[in-house]
Amino acid sequence: MIELIFVIVILGILASVAIPRLAATREDAEISATVANLRTLVSDVTAYYTAKGNFYSTGTTTAKWSDITNVPLSGATNDVTNSGAKLKVGGKDCIAVQLYNKNGTTPAHILITKEGSVNNVCTQVLASEPLKAYFSSTVTGITTDTTKGAIAIGSSTSVYSPAPTPKPTT
């Protein structure tokens, strides 16, 4: 009987160590999955824009999110340029994504915004190095701050200014 009590005590000690580590592993997996989803989304959007030249599927009909990517998004409607979509982390919206076509000298771009309803896992995702890089990226003509980042996409990223007129030599 005493051996059984010792076994139960040892199992209790092991469980008290293993359960918190298991929870941390789950959070790490969710952080990695979110970062991977955002990278995939940027890649998918870039590929779509490069292939089509804009975010219209035909004429003036705007493409659907499902035409562009298989990344799970919440709030994604059929109109990718007039309504954004959100990446969920820990069951709550964490990152908003909006697509913009090229407009004059402003290249086509993805605007990534931190959402207000954050949780512990979302805070960890936003603090990760890849997300910091996204939020610190800018596009000429787009106003960003610490809550937004803009990523130029497709062939429209090369916006050339007219070459300066050379000064005559005397």
_Minimal non-hydrogen separation, Arg39 against Pro130, with atom names_ = NH2-CG, 3.2 Å
*What heavy-atom pair brings Ser74 and Asp93 nearest, and what distance separates the two atoms?*
OG-OD1, 3.0 Å
*Taking side chain as C-beta onward, heavy atoms only, is Val35 less than 4.5 Å from Ser128?*
yes
*Closest non-hydrogen atom pair between Asn54 and Tyr49, with its separation*: CA-CE1, 3.4 Å
_Atom pair CD1/OG1 of Ile153 and Thr46 - distance to nearest 0.5 Å_ = 5.5 Å
*Distance from Leu41 atom CG to Thr34 atom OG1, nearest 0.5 Å?*
12.0 Å
*If you take all heavy atoms of Ala96 and Glu115, which pair is closest and at what distance?*
CB-OE2, 3.1 Å
*With sequence neighbours left out, write down each residue that passes salt bridge (charged side-chain N to carboxylate O under 4.0 Å, His left out) with Glu129, or none if nothing qualifies.*
Lys132
*Are Lys148 and Phe135 in a cation-pi contact, defined as NZ or CZ under 6.0 Å from the six-membered ring centre and within 45° of the axis?*
no
*In Å, rounded to the nearest 0.5 Å, how long is the span from CD of Glu30 to NZ of Lys88?*
11.5 Å
*Ignoring hydrogens and angles, tell me if any N or O in the side chain of Ser137 forms a donor-acceptor pair with the backbone of Tyr134 under 3.5 Å.*
yes
*Can you name the nearest heavy-atom pair linking Val89 to Cys122, along with the distance?*
CG1-N, 3.8 Å
*With Ile95, which of Leu131, Leu73, Thr113 fulfils side-chain contact (heavy atoms from CB on, under 4.5 Å)?*
Leu131
*asked:* Once rounded to the nearest 0.5 Å, what's the spacing between atom OG of Ser43 and atom CG of Leu38?
replied: 11.0 Å
*Is it the case that one hydrophobic cluster holds both Ile13 and Ile5, taking links as side-chain heavy atoms less than 4.5 Å apart, direct or via other members?*
yes
_To the nearest 0.5 Å, what is the distance between CG on Asn120 and NZ on Lys92?_
12.0 Å
*Measure the spacing between CG of Leu99 and CD1 of Ile151 and express it to the nearest 0.5 Å.*
10.5 Å
*Val97/Trp65 under side-chain contact (heavy atoms from CB on, under 4.5 Å): CA gap, chis, key distance, verdict*: CA-CA 11 Å; Val97 181; Trp65 282 102; 4.1 Å; yes
*asked:* Restricting to non-hydrogen atoms, name the atom on Val139 and the atom on Pro107 that form the minimum distance, rounded to 0.1 Å.
replied: CG1-CG, 3.4 Å
